[in-house]
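Heads up: the structure comes next, in C-alpha cells.
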Amino acid sequence: MIALLVAALAFAEPETAPQPDPVEPVAEEPAYNTAADALRFLTGQFSNAQQYERIPEDWRREPAAGNPYPWLDLQYATHTRVEAPELGEHVIYLEWRSGADDGPISRQRIWVLREDDDGVLTGFDFFTLRDPEPLAGRAGEEGAFAALTADDLIGYPEGCLAASSPPAHVGYYFAVEPEDCVITAQSGTEMRIHASVRASHSFITYRESGVTPDSRVVFQVPGAPQPYTFRRLTDED
C-alpha cells in the first residue's frame with residue numbers, strides 16, 4: 001500500500017507548472033516614408049575617406065569661395081538624434097570634423113524632420129546655430145540640446161524645405177530647389193540655394209550651393225563635380 005502511494009505521488013502534477021522563459025518583444029520597425037524611419041538612414045557616423053583616396057590629387061586642397069578650382073576635402077561626420085522638444089520630435093544634430101574624427105569642427109547644423117497630417121514624411125528644415133561652440137562635442141550628452149529653441153537658430157525662408165521624394169530603392173532623397181529657395185546673404189547678395197541629400201543604409205551623399213540670379217557661383221560644397229559621399233562607419237544607438 002505504501003509503495004503504491006509513493007508511486008502515485010511521483011507522477012502527480014505539480015501545483016504550479018513551470019513557466020517558459022520570457023520572450024523579449026521584437027521592436028517593430030517604423031513605417032517607410034515617416035520621420036522615424038528616415039532617422040535610421042540619416043543618423044550615424046560617416047566618413048568620405050574612401051572617396052577622398054580616389055579623387056584626383058589636385059582636388060585635395062583647401063575649400064575656396066566662388067569655386068575658382070575643384071576641391072574636395074576629407075570629412076568625418078556625426079549625425080545624432082537629439083532631444084529638443086521646442087523644435088520638434090525628430091531633430092538631428094550634425095557635427096563634421098576636418099581631416100580626422102577628432103579634427104577641428106568644420107560644420108554644425110540642426111535638421112528638423114517634418115511630416116504632414118497623415119504622418120507622411122515631407123522633408124526637413126535645416127538650420128545653423130547662432131552660437132554653436134557651447135554644443136560642440138556634446139551630441140551624446142543627455143539633455144544637452146533640451147533647452148534649444150527657434151531663437152537659437154538661423155533658418156531659411158519658406159520654400160527652403162529639403163523636400164523628400166523617396167526613390168524606388170531603399171533609402172531617401174531630399175532636395176532644396178533653387179527656384180523655390182531664394183535668400184539674401186549678410187553681404188546683401190541675393191542667391192538661390194540648391195542642396196541635395198541622398199541616404200541609404202550604407203552611405204549619405206551631400207551637396208549644396210548658392211548661385212546669384214546672373215548664374216555666378218557664390219559657394220558650392222564640395223567644390224568638385226561630385227557630391228560628398230560619406231560611407232557609414234557605425235549605426236546610431
Side-chain angles (χ1 to χ4, degrees), residues 25-48 75 77-96 107-129 135 139-140 144-146 148-150 152-183 192-210 221 227-237:
V26 178
E28 188 175 331
E29 289 191 357
Y32 183 62
N33 206 20
T34 61
D37 186 59
L39 279 170
R40 299 188 303 131
F41 293 81
L42 292 170
T43 55
Q45 292 180 308
F46 308 87
S47 171
N48 73 327
Q75 294 284 339
T78 301
H79 296 185
T80 307
R81 183 184 182 181
V82 295
E83 297 297 327
E86 292 295 320
L87 302 181
E89 183 180 355
H90 304 99
V91 181
I92 301 173
Y93 167 62
L94 281 66
E95 187 172 289
W96 293 13
R107 176 176 297 254
Q108 291 171 265
R109 297 288 186 270
I110 295 288
W111 290 353
V112 181
L113 275 64
R114 306 297 186 191
E115 295 176 325
D116 64 17
D117 292 339
D118 296 321
V120 176
L121 179 70
T122 56
F124 65 82
D125 289 309
F126 52 102
F127 304 90
T128 56
L129 292 152
L135 294 172
F145 293 77
L148 207 60
T149 70
D152 301 311
L153 308 177
I154 301 172
Y156 286 79
E158 265 187 71
C160 293
L161 179 79
S164 172
S165 54
H169 57 78
V170 176
Y172 289 90
Y173 178 74
F174 304 87
V176 178
E177 298 299 340
E179 295 80 11
D180 301 325
C181 184
V182 181
I183 71 169
R192 298 182 179 276
I193 301 298
H194 179 259
S196 64
V197 176
R198 187 180 299 276
S200 77
H201 284 302
S202 58
F203 70 87
I204 287 180
T205 66
Y206 183 97
R207 179 192 291 283
E208 67 172 306
S209 62
V221 178
Y228 282 121
T229 301
F230 292 101
R231 292 285 171 182
R232 184 179 297 276
L233 302 177
T234 64
D235 291 327
E236 270 293 288
D237 294 333

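Take Phe230 and apply the ring-ring contact (aromatic ring centres under 6.0 Å, His included) test, not counting sequence neighbours, and it matches Trp96, Tyr228. Looking at residues two or more places apart in sequence or on another chain, you find no ring-ring contact (aromatic ring centres under 6.0 Å, His included) involving Phe203.
The shortest heavy-atom contact between Ala139 and Val82 is O-CG1, 4.1 Å. The two atoms that bring Val182 and Cys160 nearest to each other are N-SG, 4.4 Å, heavy atoms only. Closest approach of Ser47 to Leu233, counting heavy atoms only: CB-CD1, 4.0 Å. Residues Pro30 and Arg40 share a closest heavy-atom pair of CG-NE, 4.0 Å. Between His194 and Pro178 the shortest heavy-atom distance is CD2-CD, 3.4 Å. Across every non-hydrogen atom of Leu121 and Ala35, the tightest pair is CD1-CA, 3.9 Å.
Proximity of a side-chain donor or acceptor of Asp152 to a complementary backbone N or O of Thr149 within less than 3.5 Å is detected. For the pair Arg232 (side chain) and Phe41 (backbone), a donor-acceptor distance under 3.5 Å is present. One N or O on the side chain of Ser200 and one on the backbone of Ser202 form a donor-acceptor pair closer than 3.5 Å.
Between Leu129 atom CG and Arg109 atom CZ the span is 8.5 Å, to the nearest 0.5 Å. The distance from the CG atom of Leu42 to the CG atom of Leu113 is 6.0 Å, given to the nearest 0.5 Å.
Ring centroids of Tyr93 and His79 are separated by 6.0 Å or more, keeping the two rings apart. Ring-centre distance between Trp111 and Phe124: below the 6.0 Å cut-off. The aromatic ring centroids of Tyr32 and Tyr172 lie less than 6.0 Å from each other.
Annotation: side-chain hydrogen bond (donor to acceptor under 3.5 Å, both in side chains) contacts involving residues 113-123, sequence neighbours excluded, comprise Arg114-Asp125.
Electrostatic pairing of Arg107 and Glu208 counts as a salt bridge here, judged by a charged N lying under 4.0 Å from a carboxylate O.
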